[in-house]
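Encoded as C-alpha cells, here's the structure I'll be asking about.
Chain naming here is simple, since letters A, B, ... match the order of the sequence lines and numbering starts at 1 in each. Every value quoted in this text rests on a predicted model; they were computed, and no experiment measured them.
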There are 2 protein chains.
Amino acid sequence: MTTMRDIAKLSKVSVSTVSRVLSGKGRVSAEKRNEIIKLANQFHYIPNYHAKCMTKTGVITVGLVVPDISNPFFSKITMGIEAELRDNALLILMNSFRDIEREKRLSLLLRDNGARGIIIGNSHVEDDFVFEISKYIPVVVFDKEYNLPNISTIKLDNVYGAYLATNHLIEIGCPSVVHFGGFDDLDVSIQRREGYKKALRKGMQPYVIPTGYDERSGYEKAKKILPSKKFGGAFCMNDLVAIGVLKAAKEMGIRVPEDLKIIGFDDTELCEVVTPPLSSIHQPIEEMGRAAARALLKMIEGEESTRSYLFSPSLIVRSSTLSIRGDQDAKEEVR
Amino acid sequence: MTTMRDIAKLSKVSVSTVSRVLSGKGRVSAEKRNEIIKLANQFHYIPNYHAKCMTKTGVITVGLVVPDISNPFFSKITMGIEAELRDNALLILMNSFRDIEREKRLSLLLRDNGARGIIIGNSHVEDDFVFEISKYIPVVVFDKEYNLPNISTIKLDNVYGAYLATNHLIEIGCPSVVHFGGFDDLDVSIQRREGYKKALRKGMQPYVIPTGYDERSGYEKAKKILPSKKFGGAFCMNDLVAIGVLKAAKEMGIRVPEDLKIIGFDDTELCEVVTPPLSSIHQPIEEMGRAAARALLKMIEGEESTRSYLFSPSLIVRSSTLSIRGDQDAKEEVR
DNA sequence: TATAATAGAACAAACGTTTGCTCAAAGAGG
DNA sequence: CCTCTTTGAGCAAACGTTTGTTCTATTATA
C-alpha cells in the first residue's frame with residue numbers, strides 16, 4: 001500500500017505538505033502540488049481509512065442483523081433502512097440464518113468492528129443479550145418491546161391488522177369466518193389471532209385452525225377443514241397460507257370469492273400473481289425500515305435516547321374478497 | 001468514549017499493561033488484572049476499532065453494490081455472498097436504486113472507506129469507471145466480460161438456458177413455439193433470444209414478440225398475439241412475463257398445458273404458487289454469489305489475479321409444460 | 001550467599017493521518 | 001532601507017492501540 005510517506009519521499013517534501021495537497025487545505029506551490037498529485041495517481045494512492053478515522057471522525061457504519069435477507073420482508077426492510085441512511089452511514093449486512101449463536105457472534109463482531117449502532121430484525125436472541133449489547137452501542141429491534149435506554153423498537157399493530165381483515169370479511173357479508181394460523185410459538189400469531197377474535201360479532205363462533213407458516217401447511221389444513229363445514233370467509237395469518245387455502249378450495253370446486261372469500265396478511269407480491277388476486281393486509285415495511293434507521297441515527301448522534309414506533313397496517317382489497325353483489329366500494333379500493 | 005488511557009489512569013498502571021490484560025497476552029499480576037477488568041466492564045470499554053487496525057490487520061470488509069436488494073435475484077445473490085464470506089469478511093451493502101451516478105459515488109465511497117474489494121451486481125456503469133476502480137481494489141462483476149487484471153466476472157449461460165427451455169417445449173411435442181421477450185436493451189434479452197432460435201428445428205419459424213420485463217407486459221402482449229395464431233408452446237424471457245401470459249391464456253379459455261405449454265426463466269418462488277405451477281429455467285443464484293465472494297477473497301489475498309465463471313442453468317419441469325400424454329419422465333422431474 | 005532465572009511492569013516506537021505552530025524567505029508599505 | 005505581512009513549507013504532537021525492549025524486584029538454583 002502506498003502511503004503519504006512514500007509520496008513525500010518521492011517528491012522530496014514533508015508528509016504534511018502531501019496531506020495538505022491531497023486534502024486541498026492550506027497553501028502549497030503549484031509546482032509541488034502538481035508533482036504530488038501526479039505521483040498519487042501514478043501509485044494509486046488511497047488514504048488509509050483507519051488512520052483517517054483516528055484524527056477525523058469518519059463515516060458512521062451501522063450493522064443490520066436479519067435472519068435471511070432473501071426473505072422479501074427483510075429485503076424490503078433493508079431497502080428502507082439503506083434509503084434512509086443514504087450518505088449518512090454505511091450499512092453492514094449480516095444474515096443470522098436463524099442461528100441464535102451466530103446472531104450473538106455477529107452482534108459482537110459488529111460492535112467490535114466499528115459499528116456505531118445495530119439494527120436487529122426479528123431477533124430470537126435472549127433479552128439479556130440485547131440488553132448487554134445496548135450498554136455499548138444503541139440498538140433498534142423489531143417486533144419486541146423493551147423499555148430500556150439505548151434500545152428503540154419498531155412494531156406493527158398486528159392485532160389491528162387482523163381486526164381489519166376479519167372485519168372486512170364480515171362487512172361484505174360472510175356469515176362465518178375461519179382463521180388459519182395462530183400457533184402459539186410466535187408473538188405475531190398470538191396477536192393476529194387476538195385481532196381475529198376481537199372482530200367477530202356477537203354470536204359468531206371463532207374457528208381457529210392451527211396452521212404453519214407456509215403454503216403447504218395452508219393447503220393441507222384447508223383440505224381437511226373446508227369439506228366439514230361451510231365458511232363464508234377465511235382469514236389467513238399470512239399470504240403463503242392464504243395461497244395454500246386458495247389452491248385447496250379451487251381443487252375442491254369451491255369458488256373464490258363466490259363461495260368462499262379469502263384474505264391474507266403481509267401483502268406480498270404474490271397477491272397480484274395468483275388467480276384470483278388475493279386481498280391482504282399491507283404493512284408499511286419500507287417505512288418501518290426508514291424509521292428504524294432514523295431512530296438509530298438519532299441515538300448515535302445522542303439527540304434522543306429512545307424511540308418506539310407502532311405502525312398501522314392497512315387493508316388492500318382484491319378480487320378474492322369481492323362482494324358477490326359487485327360492491328362498488330370494494331371495486332374502488334382495488335389498486 | 002473510554003480509552004485504554006482512561007483505564008490505565010484509574011487503575012494506576014501503564015497503557016501497555018491494560019492492553020496486555022485485555023488482549024490476554026503477557027503476564028500481569030492477578031491483582032491488577034482484576035482491577036483492570038472490573039474497570040473495563042464498568043465503563044463499557046470498547047477497543048477503538050480503527051486504532052486496532054493501525055497495528056494489527058483487522059477484519060476485511062468488502063462492498064456490494066446492487067440495483068435493488070428487494071429484488072429476489074439480488075437478495076439471493078447476497079445470501080450466497082454473505083454465506084461464503086462468513087467470518088472472513090464483513091459485507092457492506094449498498095443499493096444503487098438503478099442510478100448510475102449513485103452507483104459511482106457508492107463505489108468510490110466504499111473504496112475510500114476501507115473496503116478491500118467490491119462486488120458489483122448488474123452494473124450499468126461505464127466500463128471505464130469499473131476499470132478505474134479496479135486499479136485501486138479488486139472488483140467482481142456480474143453479467144459482463146472484462147479481460148482485465150483485478151476484475152473477475154460471474155455469468156450465467158443465458159443462451160444455453162433459453163435453448164433448454166425451447167428444446168423442452170419442442171421435445172414434448174409443441175409444433176410451434178413463440179418467444180415473449182427479447183427487447184434489445186439488455187444483454188440477457190439478446191442472449192435468451194439467441195438460445196431460443198438455436199433450439200428451433202429445421203422448418204420451424206421463429207416468432208419473437210418484443211415484450212417488457214413484468215407481468216403486465218406479458219399479459220398485454222399475450223392478449224394481442226394469442227388469438228391471432230395458435231402456438232403449441234410459449235417460452236417467456238422471465239417468470240413474470242410467463243405469469244402474465246398464463247393469466248391472459250386462462251382468461252381467453254386457452255387451457256394450460258393442454259392447449260398451450262408455457263415456460264419461464266429464473267425459477268423464482270412465484271412458479272410454485274401460480275396455477276398450474278410454472279416450468280422454468282433455474283439459475284444457481286446462491287452458488288453464483290458464493291463464487292463471487294470466493295473470487296474476490298482470492299484477489300484480495302493476492303493469490304490469484306482473476307477468475308471467470310460461467311454458470312449453467314437447468315430445466316425445472318412443472319405442470320405448465322406437462323406432456324398431454326401424461327409423460328412419466330416429466331412427472332418425475334417435478335420437484 | 002552469590003548468581004541466575006523469572007515475574008511484573010513501564011517505556012517507547014510504530015501504524016498513517018491531520019493540524020497547530022514555527023520559521024525562513026519573499027514581497028509590500030512607509 | 002527598515003519593518004510588517006504574506007507565502008510556502010517543515011516540525012511535532014495527537015489519535016488509540018500493540019509489542020519489542022528494558023528495568024527492577026523477587027524467587028530459584030547451586
Side-chain angles (χ1 to χ4, degrees), chain A residues 1-41 43-61 108-109 111-116 136-137, chain B residues 1-41 43-61 108-109 111-116 136-137:
Chain A
M1 279 285 108
T2 323
T3 70
M4 280 194 176
R5 216 202 316 279
D6 300 330
I7 299 202
K9 264 185 195 137
L10 289 169
S11 52
K12 302 194 196 308
V13 298
S14 71
V15 177
S16 33
T17 303
V18 176
S19 173
R20 287 193 237 269
V21 166
L22 263 19
S23 66
K25 294 171 185 174
R27 293 173 295 237
V28 180
S29 68
E31 189 192 3
K32 306 213 169 186
R33 173 182 308 276
N34 291 335
E35 169 76 359
I36 287 169
I37 290 178
K38 205 190 90 198
L39 284 166
N41 284 328
F43 288 92
H44 306 313
Y45 167 76
I46 313 180
N48 181 300
Y49 171 63
H50 302 296
K52 227 171 184 168
C53 286
M54 296 290 301
T55 55
K56 334 265 295 179
T57 134
V59 179
I60 291 172
T61 65
L108 292 173
L109 191 66
R111 192 244 279 157
D112 297 338
N113 281 276
R116 298 280 307 278
Y136 294 86
I137 49 179
Chain B
M1 280 282 108
T2 323
T3 70
M4 280 193 177
R5 219 208 308 285
D6 301 329
I7 299 199
K9 264 185 197 137
L10 289 170
S11 51
K12 301 192 195 310
V13 299
S14 72
V15 177
S16 36
T17 302
V18 176
S19 172
R20 287 196 233 267
V21 168
L22 264 19
S23 66
K25 294 171 186 174
R27 291 174 297 234
V28 180
S29 67
E31 189 191 5
K32 306 215 169 187
R33 173 182 305 276
N34 291 336
E35 169 77 358
I36 287 169
I37 289 178
K38 205 189 89 199
L39 284 167
N41 283 328
F43 289 92
H44 306 313
Y45 168 76
I46 312 180
N48 181 300
Y49 172 63
H50 302 297
K52 227 171 184 167
C53 287
M54 296 291 301
T55 55
K56 333 265 293 179
T57 132
V59 179
I60 291 172
T61 65
L108 292 173
L109 191 64
R111 193 243 281 157
D112 295 339
N113 280 275
R116 298 281 305 278
Y136 294 85
I137 49 179

(message) I need the B:Leu39 CG to B:Asn34 CG distance, nearest 0.5 Å.
(response)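 It comes to 11.0 Å.
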
Output a table of donor-acceptor pairs, distance under 3.5 Å, between side-chain atoms of residues 18-28 of chain A and any protein atom two or more places apart or on a different chain; print 'none' if there are none.
residue	atom	partner	partner atom	Å
A:Ser23	OG	A:Ser19	O	2.9

(request) Report yes if some heavy atom in the side chain of A:Phe43 is under 4.5 Å from a heavy atom in the side chain of A:Asp6; otherwise report no. (result) no

(request) Could you pull out all residues at least two apart from A:Thr55 that satisfy side chain to side chain contact (heavy atoms under 4.5 Å, CB included)? (result)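 With neighbours one apart ignored, the set is empty.
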
(message) Rounded to whole Å, how long is the line connecting atom CZ of A:Arg27 with atom P of C:dG20?
(response) 13 Å

(message) What is the separation between atom NZ on A:Lys32 and atom P on D:dT7, rounded to the nearest whole Å?
(response)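 In whole Å, D:dT7 P lies 17 Å from A:Lys32 NZ.
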
(message) Counting C-beta onward and ignoring hydrogens, is there a side-chain heavy-atom pair between B:Tyr49 and B:Pro47 closer than 4.5 Å?
(response) no

(message) Can you build the contact string for nucleotides 16-24 of chain D? Use B for base contact, S for sugar-phosphate-only contact, and - for no protein heavy atom under 4.0 Å.
(response) BBBBB----

